[in-house]
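Structure record follows, encoded as structure tokens.
Fair warning: this is a prediction, and the values are worked out from it, not measured in the lab.
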Amino acid sequence: MNAYSRYMRVDELLRLQVPAPERAHRDELLFQVAHQSTELWLRVAVEASQEAAWHLRSGDVGAGELLVHQAADAIRTVTGQLDMFEHLSPMAFAVMRPRLGTGSGAQSPGWVGIGRAGRELAKAFEHLCEHRGVSLEQLYRWRADQPIYRLAERMVDWDEAVALWRMRHYLLAARLVGDGGFGTQGTPVGTLAKLTAHRYFPDLWAVRTAVVTSATSVREMA
């Protein structure tokens, strides 16, 4: 075994997929690899988000911003991988689906971790703003080059990345089993569409309405 394979533990990695003779369908390899690599990238996103929250609680805005940015890019990478499922036909999915049993994306350790990390980030950012004595409306009236403003926008990127994944995931499910279909745990596909409206940092989205409405009122009074 060469140094690269040993360090990357390639032999162990390639044993984690169902061997070709045991696959229910040839595209079961695609299905497993896409999901396994998703868990790896989500591990990057979760750890970066958790470390970012720690930095925010410590008042280190710059380090927090960089880590939130990294986490958001990792989530975007996961979303990009969904393109591979365009090679999976509804019939192929139907053939391999019994192998999943009651398994579903809701049980994904990575996405469960993202949920926890998002809530942790929200609390850490709120604590940071309180400690600095700044409200969100004040923050969004500052110049865009201010450190906390840049951090807030990276957090919106993070939230948007999760929402875009949810939208793509919903469309993927509809593409494979139809809008009237059900997930492996019996959840209607339409439920996934409703989840796309969820935000981990709702105040960072709502403040835009307040700022724009206020600015419009000032112009109308002038």
*Would you say Y170 and L195 make side-chain contact, with heavy atoms under 4.5 Å?*
no
_For the CG atom of D157 and the CD atom of E65, what is their distance to the nearest 0.5 Å?_
9.5 Å
*From Q32 CD over to R99 CZ, what is the distance, rounded to the nearest 0.5 angstrom?*
8.0 Å
*Test log, rule ring pair (Phe, Tyr, Trp, His ring centres under 6.0 Å), inputs F201 and F125*: CA-CA 9 Å; F201 319 126; F125 183 74; 7.9 Å; no
*Which heavy atom in V46 sits nearest to a heavy atom in A117, and how many Å separate them?*
O-CB, 4.4 Å
*Measure the CG-CZ distance between L82 and R175 for me, rounded to the nearest 0.5 Å.*
11.5 Å
*Is there side-chain contact between E47 and L67, with heavy atoms separated by less than 4.5 Å?*
no
*Starting from the C-alpha separation in whole Å, work towards a yes-or-no answer on side-chain contact (heavy atoms from CB on, under 4.5 Å) for H55 and E51.*
CA-CA 6 Å; H55 281 292; E51 190 176 347; 3.8 Å; yes
*Hey, quick one: are L66 and Y149 part of the same hydrophobic cluster, counting side-chain heavy atoms closer than 4.5 Å, chains of contacts allowed?*
no
*Does M84 belong to the same Ile/Leu/Val/Met/Phe/Trp/Tyr cluster as F93, with side-chain heavy atoms less than 4.5 Å apart forming each link?*
yes
*Apply side-chain contact (heavy atoms from CB on, under 4.5 Å) to R132 and I148, showing your working.*
CA-CA 10 Å; R132 298 290 176 91; I148 302 183; 3.7 Å; yes
*Lys/Arg N to Asp/Glu carboxylate O, R141 vs E137, below 4.0 Å*: yes
*With distance as the sole test, does T196 use its side chain to make a donor-acceptor pair with the main-chain N or O of L192 at under 3.5 Å?*
no
*Flag yes if W205 and L128 sit in one hydrophobic cluster, no otherwise; membership is Ile, Leu, Val, Met, Phe, Trp, Tyr, and two members link when side-chain heavy atoms are under 4.5 Å apart.*
yes
_With a sphere of 6.0 Å drawn around CH2 of W41, does it hold more than 12 non-hydrogen atoms of other residues, nucleotides or ligands?_
no
*Can you name the nearest heavy-atom pair linking S108 to L42, along with the distance?*
OG-CD1, 4.3 Å
*Minimum heavy-atom separation for P90 to L176, with atom names?*
CB-O, 3.4 Å
*Residue H198 excluded, over 12 heavy atoms near NE2 under 6.0 Å*: yes
*Between R43 and E39, is there a side-chain N and carboxylate O pair less than 4.0 Å apart?*
no
*asked:* Are more than 12 heavy atoms, taken from residues, nucleotides or ligands other than H87, located less than 6.0 Å from that residue's NE2 atom?
replied: yes
*Measure from the side-chain N and O atoms of S58 to the backbone N and O of D60, and report whether any donor-acceptor pair falls under 3.5 Å.*
no
*Min side-chain heavy-atom separation V177-R97 under 4.5 Å*: yes
*State, to 0.1 Å, how close Y200 and R166 come at their nearest heavy-atom pair, and which atoms those are.*
OH-NH2, 3.5 Å
*Check S37 against Q81 and note the closest heavy-atom contact, atom names and distance.*
OG-NE2, 3.1 Å
*Give a yes or no answer on whether the side chain of R76 reaches the backbone of A71 with a donor-acceptor pair at less than 3.5 Å.*
no
*How far apart are the closest heavy atoms of P147 and V61, and which atoms are they?*
O-CG1, 3.5 Å
*Report the distance from atom CG of L151 to atom CD of Q146, rounding to the nearest 0.5 Å.*
12.5 Å
*asked:* Between Y140 and E153, is there a side-chain heavy-atom distance shorter than 4.5 Å?
replied: yes
*Could you tell me whether a side-chain N or O of E12 sits under 3.5 Å from a main-chain N or O of R9, the two making a donor and an acceptor?*
no
*Hey, quick one: are V211 and L136 part of the same hydrophobic cluster, counting side-chain heavy atoms closer than 4.5 Å, chains of contacts allowed?*
yes
*State yes or no: do V33 and W165 share one hydrophobic cluster built from I, L, V, M, F, W and Y residues joined by side-chain heavy-atom distances below 4.5 Å, directly or via other members?*
no
_Between L172 and E86, does the side-chain contact (heavy atoms from CB on, under 4.5 Å) criterion hold? Intermediate values first, please._
CA-CA 8 Å; L172 169 64; E86 294 177 8; over 6 Å; no
_Distance, nearest 0.5 Å, that separates NE2 of H25 from CG of D27_ = 5.0 Å
*Is any side-chain heavy atom of R154 closer than 4.5 Å to a side-chain heavy atom of W158?*
no
*State whether E120 and R57 are salt-bridged, where the test is any N-O pair (Lys NZ or Arg NE/NH1/NH2 against Asp/Glu carboxylate O) under 4.0 Å.*
yes
*Heavy-atom donor-acceptor pair, S5 side chain to N2 backbone, under 3.5 Å*: no
_Can you tell whether the side chains of D11 and R6 come within less than 4.0 Å, N to carboxylate O?_
no
*Where the side chain of R208 meets the backbone of L204, is there a donor-acceptor pair that is under 3.5 Å apart?*
yes
*asked:* Aromatic contact between H169 and F85, with the criterion being ring centroids under 6.0 Å apart: yes or no?
replied: no
Only pairs under 3.5 Å count here: list side-chain donor-acceptor contacts from residues 15-24, not counting sequence neighbours, and write none if there are none.
{"unit_1": "Q17", "atom_1": "NE2", "unit_2": "L13", "atom_2": "O", "d": "3.3"}
{"unit_1": "Q17", "atom_1": "NE2", "unit_2": "Q36", "atom_2": "OE1", "d": "2.6"}
{"unit_1": "R23", "atom_1": "NE", "unit_2": "V18", "atom_2": "O", "d": "2.9"}
{"unit_1": "R23", "atom_1": "NH2", "unit_2": "V18", "atom_2": "O", "d": "3.4"}

*asked:* If I take atom CZ from residue R116 and atom OG from residue S49, how far apart are they, to the nearest 0.5 angstrom?
replied: 12.0 Å
